[in-house]
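None of the values given here were measured: they were computed from a predicted structure. All values below come from the heavy atoms of this structure, side chains included, with hydrogens, waters and symmetry mates left out.
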2 protein chains.
Amino acid sequence: MVPSETLFPLVTVDVALFTVIDDSLRVLLVQRALEPERRRWALPGGMLKPALDGSLEAAARRVLQRKVSVDVAHLEEVCTFSGADRDPRGWSIAVLFCALLQKDQVNALVRDKVEALEWADATNPGHRMAFDHALQLQTALARLRARVAAKALPLHMLPERFTLTQLQRTCEAILGHPLDKSAFRRRLKDSPDLVELDEFVRGAQRPAQLYRAGDGFSFSG
Amino acid sequence: MVPSETLFPLVTVDVALFTVIDDSLRVLLVQRALEPERRRWALPGGMLKPALDGSLEAAARRVLQRKVSVDVAHLEEVCTFSGADRDPRGWSIAVLFCALLQKDQVNALVRDKVEALEWADATNPGHRMAFDHALQLQTALARLRARVAAKALPLHMLPERFTLTQLQRTCEAILGHPLDKSAFRRRLKDSPDLVELDEFVRGAQRPAQLYRAGDGFSFSG
DNA sequence: AGAATAGTGTCTGTCAGACAGTATCGC
DNA sequence: GCGATACTGTCTGACAGACACTATTCT
């Protein structure tokens, strides 16, 4: 215990990194290699380093870069968690971020040498989690769902070109319940966030039109 | 400059404390008594003190208690502001809170011995503000407006017993535009957040029914 | 032809804005 | 009665859920 603890809190950033795999919403968990809470599963996170980071959001990007070598398309602050008891090392602040990963980057994650990675079911991760990360995950999930329920489109989770059915499946996976196809498409018909392309996906059935994100698109802006 | 600055950021809490005076939305500003930014107007705020504060929200309550001796009914985290340049003392984090003040407590504010207080127009405070507080105010105001636009009732700004017209005027002051009376009341007709009382306000016209907040009421919950 | 998926049309209920109307007070 | 404010009724258009329908491909 260093004396500065009573003057300065520990400041960490944690990231709930979401993606959709097989129509199920997943969140990235890492198994901690160091004490405290060694071997427990946790959201990827790390200490703020003022000498390296331009802001808390930059710190979150650095953590993701270091742990999984990934640049996420969307990163958004959710809220903070603070107090003397949430981390045994002392009075601490965790700033929670919510991030969306492009589907085609899921396999680009680099497995850190010491930590195990897992894409856990976001609604039921199946591990007892470190610190207050179970609460953090619940909070980030609620924020993500609220945004999608409020008609934000999770385009940052999809490949650059995608079909409306893919988009609908992604929204359904996030929300956890099915959506009506007709209503879903009607809502998107005149959205400036979607641009109709002149390309189609061919499969074992009727071809589906491809779309891309509109130019000024932002998930929450 | 102490060397710990490169390891630990300064952590402060700032509070945008809103109320409605004369049908206009106001925010509490204080004039700084100390450097840096001495004599500039700012949102009330202060350093986090881990030895005193149970959490960042508790720190915000302590700051309000110390600066204006007031216990606010609603206090909600908005987001953080961070970086090396926002405060000349070094790399810093400000955690912004949004608070609502009961109308009948407006005059209960204690003027701190060194700082001047002012209830400034929230949309146009009329001062050049310290640090990034102009941006903070704008952000807190946007959050408040978004909540009220999403049908949250700012009952924490009203006295314990109030009329529907008072409530509507308060919402209008927050949003900055008039609301339709019929639609407003229709929406509240079956709300569990409002309880009809058996009392009326008598004036120079038809008496108005009084209401109080429902038992489990929370501005954003 | 039939399976499978893409995409559309229509009915209906809910809800909000607009606005006119009625009710009840003081003077 | 008149002014003022409280409160209500009704019309209408926007929109979302439900669900049946058509369209186009592959096998």
Side-chain angles (χ1 to χ4, degrees), chain A residues 20 22-23 103 145-155 158-213, chain B residues 20 22-23 103 145-155 158-159 161-212:
Chain A
V20 169
D22 297 336
D23 290 343
K103 232 189 184 63
R145 284 184 164 165
R147 287 226 180 281
V148 173
K151 321 237 177 293
L153 299 176
L155 303 186
L158 295 167
E160 199 180 338
R161 302 174 322 153
F162 53 87
T163 67
L164 293 187
T165 301
Q166 282 179 296
L167 177 55
Q168 186 180 340
R169 294 285 170 272
T170 303
C171 289
E172 289 170 339
I174 292 170
L175 294 172
H177 61 78
L179 297 172
D180 180 80
K181 178 160 63 165
S182 173
F184 186 75
R185 297 168 101 98
R186 187 170 43 207
R187 185 158 69 70
L188 300 180
K189 217 50 187 170
D190 299 311
S191 165
D193 289 337
L194 291 185
V195 177
E196 206 168 319
L197 299 176
D198 289 330
E199 300 170 76
F200 292 81
V201 169
R202 307 181 73 83
Q205 60 283 119
R206 175 172 175 178
Q209 180 139 30
L210 282 168
Y211 290 76
R212 66 168 174 83
Chain B
V20 170
D22 297 336
D23 289 344
K103 235 190 179 65
R145 284 183 165 168
R147 288 227 180 278
V148 173
K151 321 233 176 294
L153 300 176
L155 302 186
L158 294 167
R161 302 174 321 154
F162 53 87
T163 68
L164 294 186
T165 302
Q166 281 180 297
L167 177 55
Q168 185 179 343
R169 294 283 170 273
T170 303
C171 289
E172 289 171 337
I174 292 170
L175 294 172
H177 61 77
L179 297 172
D180 181 80
K181 178 159 62 166
S182 173
F184 186 76
R185 297 169 101 99
R186 187 170 43 207
R187 186 158 69 68
L188 300 180
K189 217 49 187 170
D190 299 310
S191 165
D193 289 337
L194 291 185
V195 178
E196 206 168 320
L197 300 175
D198 289 331
E199 301 169 74
F200 292 81
V201 169
R202 308 182 72 83
Q205 59 281 118
R206 176 171 172 178
Q209 181 139 28
L210 282 168
Y211 290 76
R212 65 168 174 85

Donor-acceptor contacts under 3.5 Å from residues 170-181 of chain A side chains, at least two apart:
{"unit_1": "A:Thr170", "atom_1": "OG1", "unit_2": "A:Gln166", "atom_2": "O", "d": "2.8"}
{"unit_1": "A:Glu172", "atom_1": "OE1", "unit_2": "A:Arg169", "atom_2": "NH1", "d": "3.1"}
{"unit_1": "A:Glu172", "atom_1": "OE2", "unit_2": "A:Gln168", "atom_2": "NE2", "d": "3.1"}
{"unit_1": "A:Glu172", "atom_1": "OE2", "unit_2": "A:Leu179", "atom_2": "N", "d": "2.9"}
{"unit_1": "A:Asp180", "atom_1": "OD2", "unit_2": "A:Ser182", "atom_2": "N", "d": "3.2"}
{"unit_1": "A:Asp180", "atom_1": "OD2", "unit_2": "A:Ala183", "atom_2": "N", "d": "2.9"}

Just distance, no hydrogens or angles: give the donor-acceptor pairs under 3.5 Å from side chains in residues 187-207 of chain B, sequence neighbours left out.
{"unit_1": "B:Ser191", "atom_1": "OG", "unit_2": "B:Asp193", "atom_2": "N", "d": "3.0"}
{"unit_1": "B:Glu196", "atom_1": "OE2", "unit_2": "B:Gln209", "atom_2": "NE2", "d": "3.2"}
{"unit_1": "B:Glu199", "atom_1": "OE1", "unit_2": "B:Arg161", "atom_2": "NH1", "d": "2.1"}
{"unit_1": "B:Glu199", "atom_1": "OE2", "unit_2": "B:Arg161", "atom_2": "NH1", "d": "3.1"}

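Distance, A:Arg186 CZ to C:dC11 P: 13 Å, rounded to whole Å. Taking atom CZ of residue A:Phe200 and atom P of nucleotide C:dG7, one finds them 7 Å apart after rounding to whole Å. As a whole-Å value, the separation of A:Leu197 CG from C:dA6 C1' is 16 Å.
Shown here are the salt bridge (charged side-chain N to carboxylate O under 4.0 Å, His left out) partners of A:Arg212, two or more places apart in sequence or in another chain: A:Asp215. Evaluation of the side-chain contact (heavy atoms from CB on, under 4.5 Å) rule for B:Ala152 yields B:Arg147, B:Phe219 as partners, not counting sequence neighbours.
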Base contacts versus sugar-phosphate-only contacts with protein, heavy atoms under 4.0 Å: please encode nucleotides 20-25 of chain C as B, S and - from 5' to 3'. ---BBB

side-chain contact (heavy atoms from CB on, under 4.5 Å) between B:Leu155 and B:Tyr211: does it pass, once the steps are laid out? CA-CA 10 Å; B:Leu155 302 186; B:Tyr211 290 76; over 6 Å; no

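Chain A approaches DNA chain D within less than 4.0 angstrom (heavy atoms of the protein), and the contacting nucleotides run 5' to 3' from D:dA16 to D:dC26.
Side-chain to base pairing of B:Arg187 with C:dG17: no donor and acceptor N or O lie closer than 3.5 Å to each other.
Taken from CG in B:Leu164 to CZ in B:Phe184, the straight-line distance is 7.0 Å, to the nearest 0.5 Å.
For residues 159-173 of chain A, proximity to DNA chain C is found at A:Thr165, defined as any non-hydrogen atom under 4.0 angstrom from a strand atom.
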